[in-house]
Amino acid sequence: MVRIARASIENFRGLRRADVHFSGTSVLLGDNNTGKSTIFEAIELAIGPDRLARTQAIDEHDFYGGDYLPIEGAPAKNIVVEVVIVDLDVEHCTKFRNNLEFWREADRSLLGPGHGSNLRQPGIEPAVRIRFEGAYDPENDDFTAKTWFAVPRHEDGAPMGHIKTPAPCSPRPLWTISSRRLPAPNRALL
């Protein structure tokens, strides 16, 4: 079964920047309002089956601090979520052969170009990196949202094309996300 190895999140709700690494079955524990749900909602934006089927995938409240308006001469204020998926079986490797990268578990990193000799070493496995970007479009006074595979890219670095939302009657989504909130323990006065 595939699993998420890393989620990188920028400018989303209460998270300015976060890199979260997962290994096997993972549990996020923490006090209320610390970002646990935000991490899962960011992952859902990138790989959830309903990610772009909503009327509006993001809005002004999804930007860190509600700050989405562009400032002339400054970089765009985008929401960026990248998810690295590993433990791909042969079917996934075949289906996504043009989008494969390689993940090294020891240092939790993707291998860049030129590391081909390392691919047969233990602890290195095929991976797919999916990227979501959301932004405000001031010309149309609307929010945009696109998801694509991080590779391949055009020579100028631009993505080849975004992932279209699966048709409602599609027999299988790209991935299935499973998360469950556990109720908070009862707080009894002793």
Enter the distance from Asn98:CG to Leu100:CG here, rounded to the nearest 0.5 Å. 8.5 Å

Just verifying a value: how many Å separate Phe132 CZ and Lys146 NZ, rounded to the nearest 0.5 Å? 11.5 Å

For the CG atom on Asn33, are there more than 12 heavy atoms of other groups (residues, nucleotides or ligands in this structure) within a distance under 6.0 Å? no

Could you tell me how the ring of Phe143 sits relative to the ring of Phe63: parallel (under 30°), tilted (30 to 60°) or perpendicular (over 60°)? tilted

Checking Ile85 against Arg3 for the side chain to side chain contact (heavy atoms under 4.5 Å, CB included) test, could you report, in this order, the C-alpha distance in whole Å, the side-chain angles of both residues, the deciding distance, and whether it holds? CA-CA 6 Å; Ile85 299 172; Arg3 69 176 176 86; over 6 Å; no

Considering all heavy atoms, the nearest Ile39-Phe22 contact: CG2-CZ, 4.3 Å

Which of these passes side-chain hydrogen bond (donor to acceptor under 3.5 Å, both in side chains) with Tyr136: Thr144, Asp59, Asp141? Asp141

Answer with yes or no whether the side chains of Glu105 and Trp103 bring together a donor and an acceptor at under 3.5 Å. yes

Hey, are Glu82 and Arg131 close enough for a salt bridge, meaning a charged N less than 4.0 Å from a carboxylate O? yes

For Lys36 and Gly30, work out which heavy atoms get closest and say how close. NZ-O, 3.1 Å

Hey, what do you get for CD1 (Ile130) to CG (Leu45), rounding to the nearest 0.5 Å? 13.0 Å

Name all residues meeting the salt bridge (Lys or Arg N to Asp or Glu O under 4.0 Å) criterion together with Asp19; count only those two or more places apart in sequence or in a different chain, and write none if there are none. Arg17

Between CD on residue Glu60 and CG on residue Asp67, distance to nearest 0.5 Å: 12.0 Å

